[in-house]
Amino acid sequence: MQFVNDLCVVGGAGHVGLPFALVFAEAGLRAAIYDKNKSALDRISSGTVPFMEQGAEPLLRKALAEKRLALSDSPRIVGESRVVVITIGTPVDEFFNPVFKDIRNCLAELKPFLREGQVLVLRSTVYPGTTEWCARWLRENGLNIPLAYCPERVVQGKSIEEIKQLPQIIGGVTPEGEREALNLFKKISVETYLLNPIEAEFAKLFTNAYRYIHFATANQFYMIAASAGVDYPRLLEGMKFHYPRLEGLPGPGFSAGPCLLKDTMQLNAFAKNQFDLGAAAMNINEGLVMFLVERMSAQWDLKEKTIGILGMAFKPENDDTRAALSYKLKKVLEFNAKAVLTTDPFVRTDPALLPLDQVIRESDILILAIPHRVYKSVDFLGKPVVDAWGFLAKEAGL
Ligand SMILES: NC(=O)c1ccc[n+]([C@@H]2O[C@H](COP(=O)([O-])OP(=O)(O)OC[C@H]3O[C@@H](n4cnc5c(N)ncnc54)[C@H](O)[C@@H]3O)[C@@H](O)[C@H]2O)c1
């Protein structure tokens with residue numbers, strides 16, 4: 001059977017999908033992208049990656065020039081592609097329930113364009129059992145298509161490098177699904193590791209929940225030490241000094257973004273709300289915001305103060321604001337302080353952001369929400385800077 005494209009990434013204009021398509025285009029495959037976001041597709045077709053992703057833009061320009069990348073906002077392109085990679089996941093609602101309608105609707109929309117000879121790969125983080133559910137859905141719809149779950153495990157911003165570097169877990173539903181997925185990833189010469197689908201789904205969720213708990217440990221230590229008036233960055237340095245067993249202990253800071261909290265909640269839902277470590281991590285990581293505001297309130301009369309928040313992305317050197325704790329901080333401070341000003345050197349999607357020098361000039365107190373490198377060498381005009389990260393030499397001591 002002939003296909004125009006070797007693979008098509010559904011949701012391919014996004015953070016997971018676009019780097020994936022580009023890496024495979026670079027490896028010589030003809031890649032396609034199906035995405036509903038027309039404006040993102042327009043930017044991509046003009047050679048611009050719509051978000052920060054190291055090394056992605058040169059690959060995009062090359063793929064476009066070599067005609068190895070087709071873009072479409074119509075699912076028809078899925079029917080022209082042999083391997084269909086779905087990056088649509090199972091988000092979590094406000095009551096901690098996984099939401100299946102996105103993936104269900106996605107499959108229903110793709111159904112007219114799926115046929116024998118194709119291969120289906122699930123790439124996003126999903127609720128355990130979703131791959132088996134998809135396999136059932138394919139069978140019930142008379143579609144004899146091999147299926148595998150091949151989770152994304154890279155760190156956003158370094159996807160291009162890490163997709164090729166980090167071992168790829170493959171959870172084939174059938175031996176054929178496994179073989180097809182292995183063949184796909186062979187094209188980028190990445191090491192592979194075989195699990196069954198539910199193991200692969202857990203592998204992804206446990207990885208993210210573990211990282212989230214790890215950050216919560218650091219944040220809880222920080223809050224205990226700071227409450228006792230102890231300078232935690234100094235203490236941490238001492239604890240880690242030439243002590244290999246603590247090498248992996250991170251520093252404190254806002255642990256946020258579109259994945260870690262969501263995936264911990266997803267696991268908690270699966271564990272019938274008995275994932276106590278995960279639930280504690282959520283309270284600790286989300287609670288760091290309130291902890292900082294409370295400590296600031298104890299030191300200053302916030303009603304009389306303008307607070308400047310530095311860094312609105314969810315992590316350093318990135319432009320993505322999804323689930324960023326800096327926005328939670330902004331909301332809490334808007335309730336408590338006279339005024340709140342915000343700035344970020346990378347974020348382009350928030351019209352409320354102001355230039356850094358204006359925020360410094362017009363604020364009484366600054367708070368480092370995200371330690372972008374640029375803040376290291378900034379003149380804060382002698383204003384106090386609250387820095388839970390321990391990133392700056394001089395801080396307000398909170
Ligand atoms: N960002 C990460 O680092 C990361 C890592 C691992 C897993 N994930 C998971 O992968 C999934 C996608 O994450 P993302 O960061 O790429 O999100 P994103 O919002 O950047 O991208 C999703 C893309 O899918 C498109 N889309 C949504 N529904 C669609 C549909 N039915 N048909 C076609 N296109 C559709 C959107 O327009 C968007 O461009 C999420 O479930 C996320 O949890 C993300």
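Every heavy atom of this structure was used, including side-chain atoms; hydrogens, water molecules and symmetry mates were not. Counting starts at 1 for both ligands and their atoms, in listed order. Keep in mind it's a predicted model, so treat the numbers as computed, not measured.
The aromatic rings of H372 and Y375 sit tilted relative to each other, their planes meeting at an angle between 30° and 60°.
Residue S124 holds the heavy atom nearest to atom 40 (C) of ligand 1 of all those in S124, C259, G89. One option in V9, V16, L18 has a heavy atom closer to atom 13 (O) of ligand 1 than any other, and that option is V16.
Among all non-hydrogen protein atoms, the one lying nearest atom 31 (N) of ligand 1 is K36 CE, 3.4 Å. Regarding atom 38 (C) of ligand 1, its nearest protein heavy-atom neighbour is D35 OD2, 3.5 Å. Residue, atom and distance of the protein heavy atom nearest to atom 35 (C) of ligand 1 are I88 CD1, 3.6 Å. In terms of protein heavy atoms, atom 33 (C) of ligand 1 is closest to Y34 CE2, 3.6 Å. The single protein non-hydrogen atom nearest to atom 24 (O) of ligand 1 is G11 CA, 3.2 Å, given as residue, atom name and distance. For atom 43 (O) of ligand 1, the closest non-hydrogen atom on the protein side is K262 NZ, 2.7 Å. Nearest to atom 1 (N) of ligand 1 among the protein's heavy atoms is Q156 OE1, 3.0 Å.
In this structure, the side chain to side chain donor-acceptor pair (under 3.5 Å) partners of D42, at least two apart in sequence or on a different chain, are K38. When the ring pair (Phe, Tyr, Trp, His ring centres under 6.0 Å) test is applied to Y210, the partners found at least two apart in sequence or on another chain are H214.
Under 4.0 angstrom from ligand 1, there are no non-hydrogen atoms of T90. Proximity of R322 to ligand 1, defined as any heavy-atom pair under 4.0 Å, is confined to the side chain (atoms from C-beta onward). Residue contacts with ligand 1 for T87 involve N, CA, C or O but no side-chain atom from C-beta outward (heavy atoms, distance under 4.0 Å).
Under a 4.0 Å N-O distance rule, the pair E109/R104 does not qualify as a salt bridge. At a threshold of 4.0 Å, the pair R76-E80 does not count as salt-bridged, since none of the basic side-chain nitrogens sits closer than that to a carboxylate oxygen.
Those atoms of ligand 1 with a heavy atom of E152 less than 4.0 angstrom away are 5 (C), 6 (C). Within the listing of ligand 1, atoms 37 (O) sit less than 4.0 angstrom from a heavy atom of N37.
Both tests do not hold together for K187 against F24: distance to the six-membered ring centre under 6.0 Å, angle to the ring axis within 45°.
Ligand 1 does not have A40 within reach: every non-hydrogen atom of the residue lies 4.0 Å or more from it. Taking a 4.0 Å cut-off on heavy atoms, R123 fails to register as neighbouring ligand 1.
Residues F51 and V155 do not share a hydrophobic cluster, defined by chaining ILVMFWY side chains whose heavy atoms lie under 4.5 Å apart.
Remark: ligand 1 and E109 share no N or O pair separated by less than 3.5 Å (distance only, no angle test).
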